[in-house]
Structure formats: C-alpha cells, structure tokens
Amino acid sequence: MHPLFDSHAHYDDHRFAEEFEGGVDGAIRAAHEAGVDYIANIGSSLRSSRNSVELADRYDFIYATVGLHPYDAQQIDAADLDSALHQVEELTKHGKVRAIGEIGLDYHYDGTDKERQSYFFSAQMEIAQKVGLPVIIHSRDAAGDTFDMIRRYPQVKGILHSYSGTAEMARQLCDMGWYISFSGPVTYKNAAKVKESAAIVPDDKLLIETDCPYLPPVPHRGELNYSGYLHFTCQGVADARGADYDTVAKLTYENAKRFFRIS
Ligand SMILES: [Zn+2]
C-alpha cells in the first residue's frame with residue numbers, strides 16, 4: 001500500500017496525552033509505523049501554534065502551521081488582538097512552518113461573534129499575503145462569507161479543510177487554485193454531499209486528513225481519532241471517485257508534499 005500524508009492533525013490536543021497509550025509520542029509513532037509518512041500539525045491558538053512548532057522540531061516528518069481558529073480568536077481579550085496577530089507572524093519565521101492556519105469562520109454555535117471572527121480571518125489573510133505562505137481554512141455554517149473573504153485576497157491560496165460545502169463551490173475553489181481536503185465524514189453513510197464533492201475535485205487539488213483527535217472515520221466513530229486511521233478516509237475518497245486506494249493515496253501524498261513544500 002502506498003504511504004499516506006495526513007494534511008491536518010492536532011497532536012497537541014490534551015486527549016492524546018491523556019487517552020492514547022504512550023501519550024502524544026505513542027500516537028505519532030504508531031501512526032508513522034502504520035504507513036503515515038508525513039503529518040501536518042495544525043495550530044488553532046497561540047499555544048497550539050507554539051506546540052505545533054515544537055512537534056515539528058522533534059519529528060523530522062512533522063510540519064507545522066500557525067494561526068488562530070475562529071473560536072480561539074473569540075477568546076482573546078480585546079486589548080491583546082494585535083499582539084496575538086503579531087505573535088502569529090513571528091512564528092511563521094520558523095523553517096518548518098509551512099502555512100497559516102487554521103483560520104476562518106464558524107457560525108455553528110450560539111454566541112458566535114461574527115465581527116471578531118471576520119477581523120481575525122481577514123488579518124491573518126493579510127499576514128499570509130505579506131509573508132508569502134498559503135492558508136488552511138476552517139469553515140462551518142459560513143460558506144458564503146468564507147467565499148467572499150477568499151475572493152478579497154486573490155493572491156492567497158490554500159486548503160479548505162474537512163470540506164463540507166457544496167460540490168459546486170469546491171469546483172469554483174479548485175478553478176481558483178485552491179485545494180480541498182476530506183476527513184472522516186467522507187466514510188459516513190449519510191454524507192452524500194461530501195462524497196459528491198470528493199468525486200469532482202481535480203486530481204491535483206485533492207487532499208486527505210484526519211483532523212484528529214476529532215472526526216474518526218467508520219468503523220471508529222466515537223473513538224479517539226489518530227493518523228493511523230487515515231487509510232479508512234483514503235478508501236472513502238477512492239470509493240466516492242470510483243478510483244482505487246493506491247491511486248488516491250499517491251495523489252494526495254504528492255499534492256500535500258507540493259503544498260507543504262517538502263522535497
Ligand atoms: Zn482542525
């Protein structure tokens with residue numbers, strides 16, 4: 001079987017230390033032994049961004065991204081907004097930081113501060129443009145506003161991660177040079193829309209991810225997810241495309257290496 005690239009993981013999440021046998025390092029080693037050659041560890045807060053960089057320092061096959069997730073951005077005190085953004089920009093100077101993310105919009109829960117989310121999304125798009133890095137976007141129940149923001153920064157490209165939008169929007173984003181990444185839900189029975197998108201993304205824009213410890217694929221729903229389960233998602237994407245496993249494994253591996261600039 002062709003090795004895999006997990007384009008979106010959160011090994012700094014406390015659940016790995018608490019619930020996985022051998023903790024964070026146990027999970028990472030088990031994933032690597034299971035055929036996951038590379039992992040992108042994704043920052044979502046200042047703390048997790050720093051932890052991502054530390055993991056990238058510790059493991060040659062881990063690369064980092066740094067950024068403020070829309071929820072984490074809502075937790076920052078009004079007085080610290082600019083300092084938080086400055087720290088994100090400083091962290092991009094580390095050699096193994098290959099993208100800004102995850103950033104974006106999430107309107108799913110009550111108490112959403114759309115203005116605050118939009119401020120951080122836009123400010124981090126500007127940092128990406130300034131430092132010349134791509135972005136990783138989290139978008140939930142906010143497809144229209146996310147697409148508007150993307151169009152405001154035509155020079156910035158990136159990944160729509162754990163994609164849950166329409167196939168039509170996926171097609172438009174790919175035409176604009178963006179990548180689309182699929183996670184566990186592509187294996188769920190009721191995820192017709194996700195499968196439809198997975199079927200139409202062009203070969204050179206397709207990625208897979210775990211988003212672990214979240215979104216475990218079938219047959220591990222309800223468990224702690226980790227990169228060792230990525231092959232289920234790879235098979236789910238292959239099924240949606242009428243392709244075989246190795247074809248999708250190889251495509252997504254090469255696309256992720258290109259995106260994260262790994263030679
Ligand atoms: Zn994530």
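For ligands, and for the atoms within them, numbers begin at 1 and follow the listed sequence.
- Looking at Glu102, its N, O or S atom nearest to the Zn ion (ligand 1) turns out to be OE2.
- Put simply, the angle at the Zn ion (ligand 1) from NE2 in His10 to OD1 in Asp211 is close to 90°, to the nearest 10°.
- Distances from the Zn ion (ligand 1) show that His69 has no N/O/S atom below 2.8 Å.
- A donor-acceptor contact shorter than 3.5 Å is absent between the side chain of Lys96 and the backbone of Ser52.
- Checked against a 6.0 Å centroid threshold, the rings of Phe260 and Tyr38 do not count as neighbours.
- Side-chain contact between Val237 and Val201 is absent, with no heavy atoms from C-beta onward closer than 4.5 Å.
- Both cation-pi conditions hold for Lys114 and Tyr107: the charged atom is under 6.0 angstrom from the six-membered ring centre and inside a 45 degree cone around its axis.
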